[in-house]
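Please read the structure below before turning to the comments.
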Amino acid sequence: MKSIIPAAGLGTRFLPATKCSPKELLPVLNKPVIQYVVEEALEPAGVEGVVIVNSHEKPQIEAYFAEDADFESMLRERGKNDLADAVHEAGALPVSFVYQDDPKGLGHAVYCAKDEMDGDPFFVLLGDYFVPDRQMCVDMATVSAAHNNASVIAVAPVPADQVSRYGIIAGECVESLPGCDATGEDEGAVWKVTGLVEKPAPEDAPSHLFIVGRYLLSPRIMDLLATQGTGAGGEIQLTDAMERLLEEEEMYAVVVDPDKGCDTGTPAAWAATNARMALADETQVAAFKEALGKGVRLG
Ligand code: G1P
């Protein structure tokens with residue numbers, strides 16, 4: 001089983017930084033954003049590889065995940081074994097690449113990885129967000145296993161005035177933890193999905209549970225994507241193909257706490273994510289606090 005990470009976007013929100021350096025390689029502390037997503041994608045049992053949907057404009061992503069034995073041995077000769085290990089680790093991750101040179105939407109990006117999936121179910125992880133404890137996809141796999149291996153998506157409540165930014169589900173809560181509220185919007189609640197709509201106007205939204213960007217999908221979705229027309233924004237939407245999948249198969253949604261993940265999709269969110277990760281890292285926190293507000297790092 002494999003996971004797909006779409007990564008062919010232009011990174012316009014980070015221009016000019018992304019003029020010649022992909023947004024996926026922006027660092028959070030000392031690791032590029034996409035490495036956190038790859039590590040999260042490999043966490044569920046049974047996932048053996050990650051397929052990154054890249055564009056030919058961003059060969060730097062492939063260079064990052066390639067082995068570099070010469071660089072590694074140069075670091076080892078200099079006694080920098082920790083750094084050599086970190087370089088080795090990035091090159092040893094089971095990552096492969098397919099290409100989406102024409103940006104036709106998320107559904108099209110996922111379809112570009114069809115031949116790599118071998119007819120198996122697969123995860124999709126959107127790359128502007130990562131979950132440091134890597135549990136979200138693991139929990140989704142548990143829900144899927146409890147429901148006959150159905151497709152499962154992660155959702156979370158969003159204020160009504162923001163529904164038009166996201167995919168929104170319709171459905172009914174079928175399981176919630178004891179003591180949870182009656183709306184079924186607490187973390188851990190499971191919904192049976194009855195409809196999906198991409199970027200609805202607030203008055204058309206069937207709920208205010210939005211698709212967070214983590215999907216565990218039945219292989220049948222690839223057949224549907226093959227014939228999927230354009231939807232919201234003139235793009236081939238994954239959400240629209242999932243809506244068609246509902247006519248044939250069951251689908252579930254698990255309510256997650258989106259704040260357990262870190263957003264890297266805008267300069268402000270990326271900066272906040274760096275601060276959050278520095279504060280959570282015992283090797284960095286003291287230096288980070290000391291450096292905040294100072295122009296020069298002494299010593
Ligand atoms: C995509 C999906 C949308 C989802 C969102 C999460 O939209 O199409 O359903 O809610 O990611 O970030 P995009 O952000 O690419 O417009």
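Indexing begins at 1, ligand by ligand and atom by atom, following the structure's order. Fair warning: this is a prediction, and the values are worked out from it, not measured in the lab.
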Measure the distance from atom 7 (O) of ligand 1 to every protein heavy atom, then report the residue, atom name and distance (to 0.1 Å) of the closest one. Lys199 NZ, 3.3 Å

Measure the shortest side-chain to side-chain distance between [X] and [Y] over non-hydrogen atoms and say whether it is less than 4.5 angstrom.
| X | Y | value |
| --- | --- | --- |
| Leu42 | Arg134 | no |
| Asp139 | Val254 | no |
| Val33 | Pro27 | no |
| Ser144 | Ser151 | no |

Nearest protein heavy atom under 4.0 Å from atom 15 (O) of ligand 1, yes or no: no

Heavy atom of protein inside 4.0 Å of atom 9 (O) of ligand 1, strictly below: yes

Taking Lys104's backbone N and O only, do any of them form a donor-acceptor pair with Asp102's side chain (distance below 3.5 Å, no angle check)? no

Atom indices of ligand 1 within 4.0 angstrom of [X] heavy atoms, with elements:
| X | answer |
| --- | --- |
| Thr239 | 9 (O) |
| Gln237 | 8 (O) |
| Leu126 | 1 (C), 11 (O) |

Nearest neighbour of atom 5 (C) of ligand 1 from the list Val197, Ile211, Val163, on a heavy-atom basis: Ile211

Measure the distances from the heavy atoms of Arg165 to every atom of ligand 1 and state whether one is below 4.0 angstrom. no

Would Lys58 and Glu24 count as a salt bridge (charged side-chain N to carboxylate O under 4.0 Å, His left out) if you check the C-alpha gap in whole Å, the side-chain angles of each, and the deciding distance to 0.1 Å? CA-CA 10 Å; Lys58 301 198 285 187; Glu24 289 78 11; 3.0 Å; yes

Can you confirm, on distance only, whether ligand 1 has an N/O atom lying under 3.5 Å from any N/O atom belonging to Phe210? no

Pick one of side chain, backbone, both or neither for how Glu198 approaches ligand 1, counting any non-hydrogen atom pair under 4.0 Å. side chain

Heavy-atom pair with the smallest gap, counting every atom of Ile211 and Tyr166: O-CD2, 4.4 Å

